[in-house]
Amino acid sequence: MTDTASLLLNWYDKHHRILPWRITPAEQARGMAPDPYRVWLSEVMLQQTTVEAVKAYFNKFTSQWPDISALAGASQDDILRAWAGLGYYSRARNLKACADKIMAGHGGVFPRELAGLRALPGIGDYTAAAIAAIAFNLPHAVVDGNVERVVSRLFCLTTPLPAAKAEIRIRTQGITPAERPGDFAQSMMDLGATICTPKRPSCFLCPLNEHCLALKNDEPQRLPLKAPKAEKPLRTGMAFVAISENSRVYLQKRPEKGLLGGMSEVPNYFAPGADKADLSRAPFATDWRYQGDITHVFTHFTLVLAIYRADNLPEHSDTGGWWVAVDKLKGEALPTVIKKAVAQVLPTAFNNTERKPADRNA
DNA sequence: TAAACGTGGTC
DNA sequence: TGACCAAGTTT
């Protein structure tokens with residue numbers, strides 16, 4: 001084992017984070033083993049998503065669907081409803097497809113080989129290696145954004161990302177130990193998340209500070225270098241909140257693929273440079289009233305929607321959608337941008353009505 | 001290879 | 001306060 005791996009594992013034994021999906025080194029010593037289902041679920045949820053955002057969703061999913069069989073028994077719509085708000089909804093669609101494939105093609109058991117994992121929907125290079133290392137203790141190089149940052153600094157690699165990925169992978173493989181590769185992978189990610197942070201790294205606390213070439217040669221916070229990002233264009237449009245004579249809201253389903261694929265929505269239209277007052281874009285003709293704009297920032301564009309409202313509509317059923325009571329909207333598969341649009345008209349629609357015990361007598 | 005694909009938090 | 005960032009994958 002390299003000095004680096006040894007130092008990092010010792011640091012991890014003392015300073016590892018406690019996370020709902022994690023088996024700690026002490027628990028492993030007592031014979032507990034990671035559940036591949038929980039490792040997989042957490043890794044998919046954590047793709048481009050913060051630990052804090054994932055915790056509640058992970059707990060909800062594992063309560064509702066404790067194993068791969070239970071998850072495969074759920075419908076895609078069930079899963080999208082539970083995933084709503086977490087973003088990158090293709091992950092939820094692939095989660096269902098992956099569960100189905102494991103049940104139908106692998107006897108309900110996760111493959112242990114990297115290639116078998118890599119072939120499953122929603123599992124790419126990172127997630128395949130992470131599952132193999134964490135769940136099966138196989139010494140694969142697990143390279144996520146944290147590891148890219150740690151390794152770039154440790155070896156002072158000055159090629160900008162993403163071109164540097166190949167070299168980072170080789171360097172990571174070179175320091176990955178045959179013993180405890182799962183803990184090693186998690187130690188690299190914990191180090192990146194808590195010490196070797198993007199902006200002001202705490203190098204004085206770092207177990208690798210005497211080995212870090214960026215710290216020796218340079219300012220580590222400058223690394224990794226990254227290629228410049230494309231500018232974010234603006235799209236404009238309209239969203240239509242239709243309320244029936246029974247105080248229900250009109251929803252429809254988005255196409256299965258692409259932006260917010262498979263999720264539910266209120267009728268809307270947007271495009272670069274689109275008119276925000278073109279009522280021919282409404283799902284049906286009625287007395288639409290303008291309620292102000294909302295702005296929502298996606299990864300690759302900014303969206304400004306003019307919100308329109310109509311009331312006391314008959315609950316027609318000939319336009320492909322359905323009507324949902326306001327107090328049931330929380331349970332629908334609505335992405336955040338659509339919740340914003342609805343909340344512009346119905347500000348309390350998504351309020352948390354749960355009360356903490358202490359509030360009950362207040 | 002580059003673009004599509006969400007959201008919420010931080011400084 | 002807008003830009004950047006977070007355990008990436010797919011096409």
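As a basis for the values below, the full set of heavy atoms in this structure was taken, side chains included, without hydrogen atoms, waters or symmetry mates. In this text the structure is predicted, and so the values were computed from the model without any measurement. Numbered from 1 within each chain, the chains take letters A, B, ... in sequence-line order.
- The side chain of T50(A) contributes no N or O atom lying less than 4.0 Å from OP1 or OP2 of dA7(C).
- Each of G87(A) and A230(A) has a nearest nucleotide on DNA chain B; the 5'-most of these lies closest to A230(A).
- The P atoms of dA7(C) and dC5(B) are separated by 23 Å, rounded to the nearest whole Å.
- For the salt bridge (Lys or Arg N to Asp or Glu O under 4.0 Å) with E148(A), the qualifying choice from R171(A), K226(A), K165(A) is K165(A), the only one to do so.
- When DNA chain B is scanned 5' to 3' for any atom under 4.0 Å from a heavy atom of chain A, the first and last hits are dA4(B) to dG8(B).
- Both cation-pi conditions hold for R235(A) and F301(A): the charged atom is under 6.0 angstrom from the six-membered ring centre and inside a 45 degree cone around its axis.
- Looking at D125(A) and R118(A), their side chains come closer than 4.5 Å, going by heavy atoms from C-beta outward.
- A heavy-atom distance below 4.5 Å is found between the side chains of R112(A) and F136(A).
- Taking the six-membered ring where tryptophan is involved, the planes of W65(A) and F61(A) are perpendicular, since the angle between them exceeds 60° and thus also 30°.
- The P atoms of dC4(C) and dA3(B) are separated by 16 Å, rounded to the nearest whole Å.
- Between K232(A) atom NZ and dC5(C) atom C1' there is a gap of 11 Å when expressed in whole angstrom units.
- Distance CE (M45(A)) to C1' (dG8(C)): 15 Å, rounded to an integer number of Å.
- Residue pairs meeting the salt bridge (charged side-chain N to carboxylate O under 4.0 Å, His left out) criterion with at least one partner in residues 83-96 of chain A, sequence neighbours excluded, are K96(A)-D100(A).
- Here K253(A) pairs with E256(A) in a salt bridge; the nearest charged N to carboxylate O distance falls below 4.0 Å.
- Base contact: T49(A) has a heavy atom under 4.0 Å from a base atom.
- Proximity of residues 113-121 of chain A to DNA chain B (heavy atom under 4.0 angstrom from any strand atom) is not detected for any residue.
- Mapping K226(A) and G124(A) onto DNA chain C by nearest heavy atom places K226(A) closer to the 5' end of the strand.
- Rounded to whole Å, the C1' atom of dT1(B) lies 11 Å from the corresponding atom of dT11(C).
- Looking at heavy-atom distances under 4.0 Å, V147(A) makes no contact with the nucleic acid at all.
- Close to dG8(C), at under 4.0 Å from its OP1 or OP2, lies no side-chain N or O of Q47(A).
- With salt bridges taken as basic N to acidic carboxylate O contacts below 4.0 Å, none links R81(A) and E332(A).
- Looking at T127(A) and E43(A), their side chains never bring a donor and an acceptor atom within 3.5 Å of each other.
- Counting any heavy atom pair closer than 4.0 Å across all strands shown, L19(A) reaches a base atom.
- As judged by a 4.0 angstrom heavy-atom cut-off over every strand, W40(A) is placed among residues making no nucleic acid contact.
- Rounded to a whole Å, the CG atom of L225(A) is 12 Å from the P atom of dC5(C).
- Note on R180(A) versus D183(A): salt bridge recorded, some NZ/NE/NH1/NH2 to OD/OE distance being below 4.0 Å.
- Inspection of the S75(A) and D78(A) side chains reveals an N or O donor paired with an N or O acceptor under 3.5 Å.
- Counting non-hydrogen atoms of other residues, nucleotides and ligands closer than 6.0 Å to CD of E179(A) gives a total of 12 or fewer.
- Among the heavy atoms of the strands lying under 4.0 Å from L86(A) is at least one base atom, whether or not backbone atoms are also near.
- Rounded to whole Å, atom P of dA3(C) lies 11 Å from atom NZ of K229(A).
- Of the N and O atoms on the side chains of S244(A) and N246(A), not one donor lies less than 3.5 Å from an acceptor on the other residue.
- Salt bridge annotation for D144(A)-R149(A): absent, with no cationic side-chain nitrogen under 4.0 angstrom from a carboxylate oxygen.
- Within residues 253-274 of chain A, the residues having any heavy atom closer than 4.0 Å to DNA chain B are, in order of number, G258(A), L259(A), L260(A).
- Summary of the strand contacts: P162(A) and R93(A) both lie near DNA chain B, and taking for each the nucleotide with the nearest heavy atom, the more 5' one is attributed to P162(A).
- Relative orientation of the H16(A) and Y12(A) rings is tilted, given thresholds of 30° and 60° on the angle between their planes.
- Atom OH of Y88(A) is separated from atom C1' of dT10(C) by 12 Å (rounded to the nearest Å).
- Note on T127(A): only backbone sugar-phosphate atoms sit closer than 4.0 angstrom, heavy atoms only; bases stay farther off.
- Using a 4.0 Å cut-off on heavy atoms, the residues of residues 189-200 of chain A that approach DNA chain C are M189(A), P198(A), listed by number.
- Between the side chain of R149(A) and the base of dA6(C), no donor-acceptor pair under 3.5 Å is found.
- Residue F58(A) contributes atom CZ, which lies 22 Å from atom P of dA6(C) at whole-angstrom precision.
- The stretch residues 232-268 of chain A participates, sequence neighbours left out, in these ring pair (Phe, Tyr, Trp, His ring centres under 6.0 Å) pairs: F240(A)-W288(A), F240(A)-Y308(A), Y250(A)-F284(A), Y250(A)-H316(A), Y250(A)-W323(A).
- Atom C1' of nucleotide dG8(C) and atom CG of L46(A) are separated by 11 Å, given to the nearest angstrom.
- As a whole-Å value, the separation of L95(A) CG from dG8(C) C1' is 14 Å.
- Looking at heavy-atom distances under 4.0 Å, V51(A) makes contact with a base.
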